[in-house]
Structure formats: structure tokens, C-alpha cells
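Take a look at the structure below.
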Amino acid sequence: MAWNPDTYNKFKSERFAPFYDLMTLIDIKPDLKVIDLGCGTGELTRKLADQLPNCQVLGIDSSSEMLSQAAAFSNDQVTFEHRSIEEQVKLDRKYDLVFSNAAIQWSDRHKELLPEIIGMLLPGGQLAIQIPDQTGNALNQILDELVQEKIYKHALNNWRRVSPVLDIDEYAQILFENGSKDMSIYKKIYPLIVSNKEELYNWISGTALIPYLDRLDGEIKENFIQEFKTRIYNRLTKIPVLYPFKRILMEAKF
Ligand SMILES: C[S@@+](CC[C@H](N)C(=O)[O-])C[C@H]1O[C@@H](n2cnc3c(N)ncnc32)[C@H](O)[C@@H]1O
């Protein structure tokens, strides 16, 4: 998928806010061995490492575009490897802290994947994950409706990204069934306040829109972008608008 770090970074402070919330859920201890799944540019991996005394943090990501910026954030404690989450869980490597900010929504079959991710923890380890609640977010819903319409369905060869994100009670059940009795899971609204309509399009174009734009070309791609923008703008009755972006945050000890 063609990630673009510049587009992604346009909303840095809004995208960093949940990371800081996730950080508050972590038990800070010295000498932790940590993995950051879907680390992106590595900027937040480095911020994570800077809060953990004498830790070793590995950031992995499947996008070479995003990782191309990671060298600037590596140091003696922080390294990066180009690998998918699905490949990483198959390796026999264990960590004290498995961390992931805004990445696991890109991986499918969470009911199977979460136990595999938990399997990466050492005894006494901690999981800390933040996931955008795609099914609860209006822009994702507008996008999902649009791609199911005949003209775009045809252009996309019937391809559609179905959100793998579960309800928070389902995540709680998975954590419990896999050995955690000490967990904290909640859904939080991160208000995105935009003062021009184009900004909401720009927000989603840095993430959920990417796989669709990758699959479209030429005139149909232009039509698709225009129609998506029109539908977003039609939902907005006044400016500035508050877009209540929902995210799931979870922490569990094992
Ligand atoms: C929204 S960005 C978040 C990046 C970073 N964690 C942050 O908070 O800034 C999502 C990242 O997940 C990565 N990603 C998506 N699917 C992945 C997968 N299956 N395995 C590894 N990384 C993946 C993308 O390449 C992208 O860098």
C-alpha cells in the first residue's frame, strides 16, 4: 500500500494525542524489551523508548515508504525492521511490552491475530494497543457505502476493505481467554475540529482511503475522489465542524 509520510504527518498533533494516552497506560520499568507493531515513520517509537529507562525497542512496519524516515529516530535503544505484523507473530521472539498505535486495524482476523500477538509476550508482560474504531467513524461509513455502489464496485473488481475492528467487549473477552485478569479497555472520542471542508478529506486520504486510490486510475479515480468529497461536504452543515473520531485503547497484563 502506498503510504505517504508527508500526507500522514499533516495532522501530527491529532494523530499523536492517542499515542500519549496509550503511554499513560504503560507500566514504566527499566530494561524492558519492547516491540512496536506498525511503527510507521518511527517518530513515536522513539518517543516511546525515551520514556522507558534502558529499554530495547524494535519497530516493525510493512511500508518501506514509512520506514524510509525511521533512520532519523534510531539510536542505541531503538532499531527498525521491515516486516509485517503477520510475519512478526510467526517468529519465536518474546517481549516484555508489545505496543501498537493505530496500526492493527490494517490487519485482518483479529479474533485469531490478538492471541498470536499476546503469544509474543514474556511472562508478566504487557500489551498496549490503540485502534481507530473504523465502524464507528462517519468518514469510514461514507467510504464503505460509496465503494459498494455499482460503478465503483466494478472499477474496484469487487474489492472492498471490511473493517476487522471488533467491539471493546469482544477484545476484553479475547484478553481474558488468553490469560489476562488485569486489563483496561475504553473507547474515546478525539475531536477533530476543522475549519474548512477539504480538511476532512485530507484526514482520511492519509489512511483509510489509500487502498482504494491504489486500485483506481484515471477518470474513475477522479470521479471517485470528487464523489467522496461531495458526500463528506453534504454531511457538514456548518463550519467549523467537530468530527468525533473514535478510537479504542486497551492495555492488559499477562
Ligand atoms: C496509521 S499508521 C501508524 C504509524 C505509527 N504507529 C504512528 O502511530 O504514527 C499505520 C502503520 O501501520 C503499518 N501497517 C499496516 N499494515 C501493516 C501490517 N500488516 N504489518 C505491519 N505494518 C503495517 C503502515 O505501513 C503504517 O505505517
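Counting convention: from 1, in listed order, for ligands and their atoms alike.
- Near S107, with a cut-off below 4.0 Å to any heavy atom, the atoms of ligand 1 are 19 (N).
- Ligand 1 has no nitrogen or oxygen under 3.5 angstrom from a nitrogen or oxygen of M66.
- Using a 4.0 Å cut-off to heavy atoms of N101, the atoms of ligand 1 that qualify are 3 (C), 5 (C), 6 (N), 7 (C), 8 (O).
- Counted by atom type alone, E177 and Q173 present one or more donor-acceptor pairs between their side chains at under 3.5 Å.
- Of all protein heavy atoms, the one lying nearest to atom 3 (C) of ligand 1 is Y8 OH, 3.3 Å.
- Inter-residue side-chain proximity for D36 and V98 is flagged as unmet; no heavy-atom pair is nearer than 4.5 Å.
- Neither the backbone nor the side chain of S100 comes within contact range of ligand 1; no heavy atom lies under 4.0 Å.
- Considering only non-hydrogen protein atoms, atom 16 (N) of ligand 1 sits nearest to W106 CB, 3.2 Å.
- Both the backbone and the side chain of I85 come within 4.0 Å of ligand 1, counting heavy atoms alone.
- Ligand 1 places these atoms under 4.0 Å from at least one heavy atom of S63: 25 (O).
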- prompt: So F19 and F99, ring-ring contact (aromatic ring centres under 6.0 Å, His included) or not? Walk me through it.
  reply: CA-CA 10 Å; F19 165 83; F99 182 92; 5.8 Å; yes
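- Considering only non-hydrogen protein atoms, atom 19 (N) of ligand 1 sits nearest to E86 OE1, 2.9 Å.
- Checked for salt-bridge contact, E145 and R231 miss the test: no charged N lies under 4.0 Å from a carboxylate O.
- Around atom 24 (C) of ligand 1, the closest heavy atom drawn from I210, D36, D61, D108 belongs to D61.
- The nearest heavy-atom contact from the protein to atom 17 (C) of ligand 1 is S62 OG, 3.3 Å.
- Close approach to L44 involves these atoms of ligand 1, each under 4.0 Å from a residue heavy atom: 7 (C), 8 (O), 9 (O).
- How far CG of N178 is from CD1 of I118: 4.5 Å, rounded to the nearest 0.5 Å.
- Using a 4.0 Å cut-off between charged nitrogen and carboxylate oxygen, R247 and D133 do not count as a salt-bridge pair.
- Note on R109 versus E116: salt bridge recorded, some NZ/NE/NH1/NH2 to OD/OE distance being below 4.0 Å.
- Residue R161 forms a side-chain hydrogen bond (donor to acceptor under 3.5 Å, both in side chains) with just one option from D108, D144, N140, and that option is D108.
- Using a cut-off of 4.0 Å between Lys/Arg side-chain N and Asp/Glu carboxylate O, D6 and K10 are scored as not salt-bridged.
- With A103, G38, A102 as candidates, the residue nearest to atom 5 (C) of ligand 1 on a non-hydrogen basis is G38.
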